[in-house]
Amino acid sequence: MPELPEVETTRRGIAPYCEGHTVTRVEVRNGRLRWPVPGDLTARMEGQVIRTVDRRAKYLFLNLDHGTAIIHLGMSGSLRVITDATPALKHDHIDLTLNSGVILRFNDPRRFGCWLWSDSAATHPLIASLGPEPLSPEFSGSMLFRLSRNKNTPVKSFIMDSHVVVGVGNIYANEALFKAGIHPGRKAGRISLDRYHRLAEAITETLSAAILMGGTTLRDFVNSDGKPGYFAQSLLVYGRAGEPCTECQKPLKEIRMSGRSTVYCTRCQR
């Protein structure tokens with residue numbers, strides 16, 4: 001599914017086309033998403049100017065003069081900037097037409113994404129309890145160490161908990177733990193401060209690199225201009241089970257943790 005780098009790539013792709021432009025039309029073809037699209041979304045958005053396009057965790061915010069549209073891409077969603085007369089396809093559920101003539105089109109084959117409305121996005125129930133952004137000054141190894149004390153949760157599950165830190169999805173958790181040399185199943189409360197410093201640095205480094213490369217290419221994700229990301233070509237462990245470790249050449253091992261693929265090196269990660 002689209003993770004933080006893919007969502008940030010989308011934000012950067014659509015922002016120049018949206019910011020400062022007026023919503024002239026909202027067309028909801030199918031409002032049966034993860035949560036029903038609010039029936040008054042059209043009335044709330046039409047005629048308003050999109051002031052900024054922001055991201056919080058994996059949520060995108062279209063901030064208008066009065067209120068915010070909160071968007072999540074779910075497992076298969078994408079936002080495309082349409083600048084011609086490209087007709088809507090089967091899974092193109094929502095169109096936002098702007099005064100520039102540009103259409104912001106939401107496609108979601110599995111319909112696990114969402115479009116919601118909030119007068120105050122920061123206090124919305126989906127947003128209010130989220131942990132810090134992994135690329136923000138608030139995120140650090142010291143913070144991870146403090147929150148992990150007395151926790152028996154596997155460290156991989158711990159860093160994927162959005163109440164601890166947002167946006168560390170499965171791909172990037174695998175990659176960061178490998179870079180930090182930490183076994184994904186090690187109990188979070190049994191990891192030292194020094195190792196958490198290395199892990200925090202690895203998380204920041206991994207996500208930053210993925211954003212620069214335009215997000216990881218997955219089967220359902222394309223960014224706003226239709227070009228895939230290239231970070232998949234740089235993955236060190238994820239999707240490479242049985243292949244040699246890039247550090248020691250020992251075959252990488254794959255296990256399932258909480259139903260998710262977890263790939264690691266039995267020699268390099270302790």
Side-chain angles (χ1 to χ4, degrees), residues 2-74 77-86 88 91-108 111-138 162 166-167 211 215 222-226:
E3 296 193 23
L4 186 149
E6 286 77 31
V7 179
E8 177 61 20
T9 297
T10 297
R11 187 197 69 78
R12 295 182 183 188
I14 68 174
Y17 296 92
C18 295
E19 292 179 346
H21 291 284
T22 303
V23 179
T24 58
R25 185 177 181 222
V26 178
E27 182 178 1
V28 180
R29 298 185 188 86
N30 188 346
R32 294 172 298 164
L33 302 181
R34 182 174 183 180
W35 298 287
V37 175
D40 60 353
L41 185 70
T42 295
R44 287 182 177 275
M45 295 191 72
E46 285 185 353
Q48 287 214 64
V49 176
I50 299 175
R51 295 302 178 185
T52 60
V53 180
D54 296 327
R55 178 191 56 76
R56 180 73 171 100
K58 298 179 187 179
Y59 294 94
L60 289 167
F61 294 167
L62 301 183
N63 296 307
L64 295 93
D65 285 321
H66 305 288
T68 298
I70 300 174
I71 303 168
H72 196 288
L73 300 180
S78 64
L79 283 168
R80 299 288 300 278
V81 172
I82 307 299
T83 57
D84 54 22
T86 301
H91 300 296
D92 290 335
H93 302 311
I94 299 175
D95 275 6
L96 246 63
T97 303
L98 306 177
N99 64 321
S100 61
V102 163
I103 295 174
L104 185 64
R105 179 165 290 167
F106 178 70
N107 177 284
D108 187 3
R111 291 190 285 114
F112 286 148
C114 72
W115 277 64
L116 302 172
W117 180 263
S118 178
D119 293 329
S120 176
T123 61
H124 190 280
L126 291 173
I127 308 299
S129 63
L130 292 174
E133 292 284 330
L135 305 181
S136 70
E138 291 76 25
S162 63
V166 300
I211 290 170
V222 290
N223 65 21
S224 58
D225 59 5

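Along the sequence shown, residues carry numbers from 1.
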### side-chain contact (heavy atoms from CB on, under 4.5 Å) evaluation trace for Arg12 with Ile211
CA-CA 10 Å; Arg12 295 182 183 188; Ile211 290 170; 3.5 Å; yes

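- Without hydrogens or angle criteria, Gln48 side chain to Val23 main chain gives no donor-acceptor distance under 3.5 Å.
- In this structure, Glu3 CD and Glu8 CD are separated by 14.0 Å, a value rounded to the nearest 0.5 Å.
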### Task
Under the side-chain contact (heavy atoms from CB on, under 4.5 Å) rule, what do Arg56 and Val166 come out as? Steps first, then yes or no, please.
CA-CA 8 Å; Arg56 180 73 171 100; Val166 300; 3.7 Å; yes

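- Proximity of a side-chain donor or acceptor of Glu138 to a complementary backbone N or O of Glu133 within less than 3.5 Å is not detected.
- One finds the CG atom of Asn63 at 9.0 Å from the CD atom of Glu19 (value rounded to the nearest 0.5 Å).
- Pairing each heavy atom of Gly113 with each of Asp108, the nearest pair is N-OD2, 2.8 Å.
- Atoms CD1 and CD, from Ile103 and Glu27 in turn, are 8.5 Å apart once rounded to the nearest 0.5 Å.
- Expressed to the nearest 0.5 Å, how far OH of Tyr59 lies from CG of Asp54 amounts to 16.0 Å.
- In this structure, the side chain of His93 does not engage the main chain of Arg111 through any donor-acceptor pair within 3.5 Å.
- The two residues Met45 and Val26 come nearest to each other via the heavy atoms CB-CG2, 3.9 Å.
- Between the side chain of Arg105 and the backbone N or O of Asp92, no donor-acceptor pair lies under 3.5 Å.
- Contact check for Leu98 versus Leu104: no side-chain heavy atoms found under the 4.5 Å cut-off.
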### Query
Stepwise, does the side-chain contact (heavy atoms from CB on, under 4.5 Å) test hold for Ile70 with Phe61?
CA-CA 5 Å; Ile70 300 174; Phe61 294 167; 4.0 Å; yes

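- Within the 4.5 Å cutoff, no side-chain heavy atoms of Leu64 are placed close to those of Val49.
- Atom-to-atom distance recorded for Leu126:CG and Ser118:OG is 9.5 Å, nearest 0.5 angstrom.
- Remark: side-chain polar atoms of Asp40 are not paired, donor with acceptor, to backbone N or O of Arg44 under 3.5 angstrom.
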### Task
Would you check, one step at a time, whether the test side chain to side chain donor-acceptor pair (under 3.5 Å) holds for Asn99 with His21?
CA-CA 6 Å; Asn99 64 321; His21 291 284; 3.3 Å; yes

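- Considering only heavy atoms from C-beta on, Val28 stays 4.5 Å or farther from Trp115 through its side chain.
- Closest approach of Lys58 and Pro2 over heavy atoms only: CD-O, 4.0 Å.
- Annotation: the span from Leu116 atom CG to Thr68 atom OG1 amounts to 11.5 Å, rounded to 0.5 Å.
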### Task
Show your working on salt bridge (charged side-chain N to carboxylate O under 4.0 Å, His left out) between Asp95 and Arg25 and close with a plain yes or no.
CA-CA 8 Å; Asp95 275 6; Arg25 185 177 181 222; over 6 Å; no

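- In this structure, the side chains of Trp35 and Val37 stay at 4.5 Å or more apart for every pair of heavy atoms.
- Without hydrogens or angle criteria, Arg11 side chain to Leu60 main chain gives no donor-acceptor distance under 3.5 Å.
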### Val7/Leu4 under side-chain contact (heavy atoms from CB on, under 4.5 Å): CA gap, chis, key distance, verdict
CA-CA 5 Å; Val7 179; Leu4 186 149; 5.7 Å; no

